[in-house]
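When a ligand or atom number is given, it counts from 1 through the structure's own listing order. These numbers come from a predicted model, not from an experiment.
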Amino acid sequence: MNSFSSIPVVTIDGPAASGKGTLAAGLAAALGFHLLDSGLFYRMVGWKALDSGVSLNDEAALTRLAAELRPRFDGETVWLDGRDVSLALRRQEVGTAASTVAAWAGVRAALLHAQRMARRLPGLVADGRDMGTVVFPDAVCKIFIMAGVEERAQRRHKQLIEKGLPSNISTLLQEIGERDARDAGRDVAPLKAAPGALEIDTTKLDAPTVLAQALAYCRSRLAPANG
Ligand code: DC
């Protein structure tokens, strides 16, 4: 436990399409750390539920799905039950299903261990909603990022189009607003900044600027631990 908790963790939490993924990937590359996209786990449960016809209201069945997840990660590719689900997991309806299943305490508890297992040397950058508050409360560096809802809808629209997936800006705006309300309003592990987290509003900042701010902060926090 002691040696495990000495592995440095950087947490990045924030609402949908705030730039968490881009920032997390940039930080992991700059620091030479592993990367955990925790949203993928909730997306996998959401995808499996939609694929197998399990109701998003059936906590017991969803908890079983979560406990039995055996994903295989191969670079950017995610395999689930022998299928390449990488692109399917990015679909907007899977994101909405993920946000719905994520409100169940049983689902969250079932996914906790797999997320904590990503903590490996030389360090981990973890992005999600509750990385700094619940999954890695002892993280050495915690960041909370946000951006206005219109800006986030535009960014998600661009991402989906680039991936060749269907997207509609007004539907996106509505869905992101609903997702914010669900993720921040739930009883278990709601989206919120961890105490002491550096908060960055990315509405008017480009990705390199956000990365530079976050990296300077993390290096200052990591230096005493590394030295
Ligand atoms: O980060 P994302 O858009 O891939 O996440 C999809 C959904 O999963 C998000 O709306 C809420 C849920 N989620 C969560 O509850 N906790 C996390 N740590 C990550 C994601």
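Electrostatic pairing of D180 and R152 counts as a salt bridge here, judged by a charged N lying under 4.0 Å from a carboxylate O. The pair R129-D13 fails the salt-bridge criterion, with no side-chain N (NZ, NE, NH1 or NH2) lying under 4.0 Å from an Asp/Glu carboxylate O.
Here V188 pairs with A105, R108 under the side-chain contact (heavy atoms from CB on, under 4.5 Å) rule; sequence neighbours left out.
Within the structure, salt bridge (charged side-chain N to carboxylate O under 4.0 Å, His left out) pairs that include any residue of residues 63-82 comprise K48-D81 (at least two apart or interchain). Listed by first and then second residue, the salt bridge (charged side-chain N to carboxylate O under 4.0 Å, His left out) pairs involving residues 162-179 are K158-E162 (not counting sequence neighbours).
Rounded to the nearest 0.5 angstrom, R119 CZ and L36 CG are separated by 11.5 Å.
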Distances only, to 0.1 Å: what are the N or O pairs between ligand 1 and the protein that fall under 3.5 Å?
unit_1   : atom_1 : unit_2 : atom_2 : d
ligand 1 : 1 (O)  : R129   : NH1    : 2.9
ligand 1 : 3 (O)  : R43    : NH2    : 3.0
ligand 1 : 3 (O)  : R129   : NH2    : 3.4
ligand 1 : 3 (O)  : R179   : NH1    : 3.2
ligand 1 : 4 (O)  : R43    : NE     : 2.6
ligand 1 : 4 (O)  : R43    : NH2    : 3.3
ligand 1 : 10 (O) : R129   : NH2    : 3.4
ligand 1 : 10 (O) : R179   : NH1    : 2.7
ligand 1 : 10 (O) : D183   : OD2    : 2.8
ligand 1 : 15 (O) : R108   : NH1    : 2.8
ligand 1 : 15 (O) : R108   : NH2    : 3.4
ligand 1 : 15 (O) : R186   : NH1    : 2.9
ligand 1 : 15 (O) : R186   : NH2    : 2.9
ligand 1 : 16 (N) : R108   : NH2    : 3.0
ligand 1 : 18 (N) : S38    : OG     : 2.9
ligand 1 : 18 (N) : R129   : N      : 3.1
ligand 1 : 18 (N) : D130   : OD1    : 2.8

